[in-house]
Amino acid sequence: MNTESYYQKVFDLTRLIPKGRITTYGAMASYLALGSARMVGWALNKSFVGHSVPAHRVVNRKGELSGRNHFPNPELMQQLLESEGIEVEDNRVINFKDLFWDPGEELDIDL
DNA sequence: GGATTGACGTCTG
DNA sequence: GCAGACGCCAATC
């Protein structure tokens, strides 16, 4: 059973995001049955406190780097995404729909 | 203890 | 199709 807090699940799921892929708050919230995408954002906000989580791979429904402002450096998030081969323009992921990773398809990594 | 905010999403107009 | 309002649940002030 999961004695961990709901954000612990978010941390784990966020770490499972394959490199070069991104996901949305709503997808994670739906998969983890949190009830609201805001809970995911809340969890990731604490993720920086003693938790190394690739939160830069998590964007909103619009593929927008909404949380970049909460990073140590706003440009860090975009830089990390570009470093993984993700194209980012105007704080938004270009091939967002193509790079979108669904929590239920975590086995669809490779290729 | 109450009110507001918060890395969002969906519905209605 | 775009804009605005409401809803979610938890944490912080």
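Quick note: numbers below take in every heavy atom, side chains included, and nothing from hydrogens, waters or symmetry partners. In the text below, chain A, chain B and the rest are named by the order of the sequence lines, each starting its count at 1.
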Distance check needed: [N] [atom2] versus [X] [atom1], whole Å only.
| X | N | atom1 | atom2 | value |
| --- | --- | --- | --- | --- |
| A/Met39 | C/dT12 | CE | P | 12 Å |
| A/Tyr31 | B/dC8 | OH | C1' | 21 Å |
| A/Arg61 | B/dC8 | CZ | P | 14 Å |
| A/Tyr7 | C/dA10 | OH | P | 11 Å |
| A/Asn69 | B/dC8 | CG | P | 11 Å |
| A/Lys46 | B/dT5 | NZ | P | 21 Å |
| A/Asn60 | B/dT10 | CG | P | 11 Å |
| A/Asn45 | C/dA11 | CG | P | 12 Å |

(message) B/dC8, OP1 or OP2 - any side-chain N/O from A/Ser66 closer than 4.0 Å?
(response) yes

(request) Would you state whether a donor and an acceptor, one from the side chain of A/Arg38 and one from the base of C/dC8, lie under 3.5 Å apart? (result) yes

(request) Can you measure from OG (A/Ser66) to CZ (A/Arg92) and round to the nearest 0.5 angstrom? (result) 12.0 Å

(message) Looking at A/Arg57 and A/Glu84, is any side-chain nitrogen of the basic one under 4.0 Å from a carboxylate oxygen of the acidic one?
(response) yes

(request) Kindly give the heavy-atom pair with the smallest separation between A/Asn91 and A/Gln78, and that separation in Å. (result) OD1-OE1, 3.5 Å

(message) Heavy atoms only, 4.0 Å cut-off, all strands: where does A/Ala55 land among base, sugar-phosphate and nothing?
(response) base

(message) Determine whether a donor-acceptor pair (N or O, by modelled atom type, separation under 3.5 Å) exists between the side chain of A/Thr23 and the backbone of A/Trp101.
(response) yes

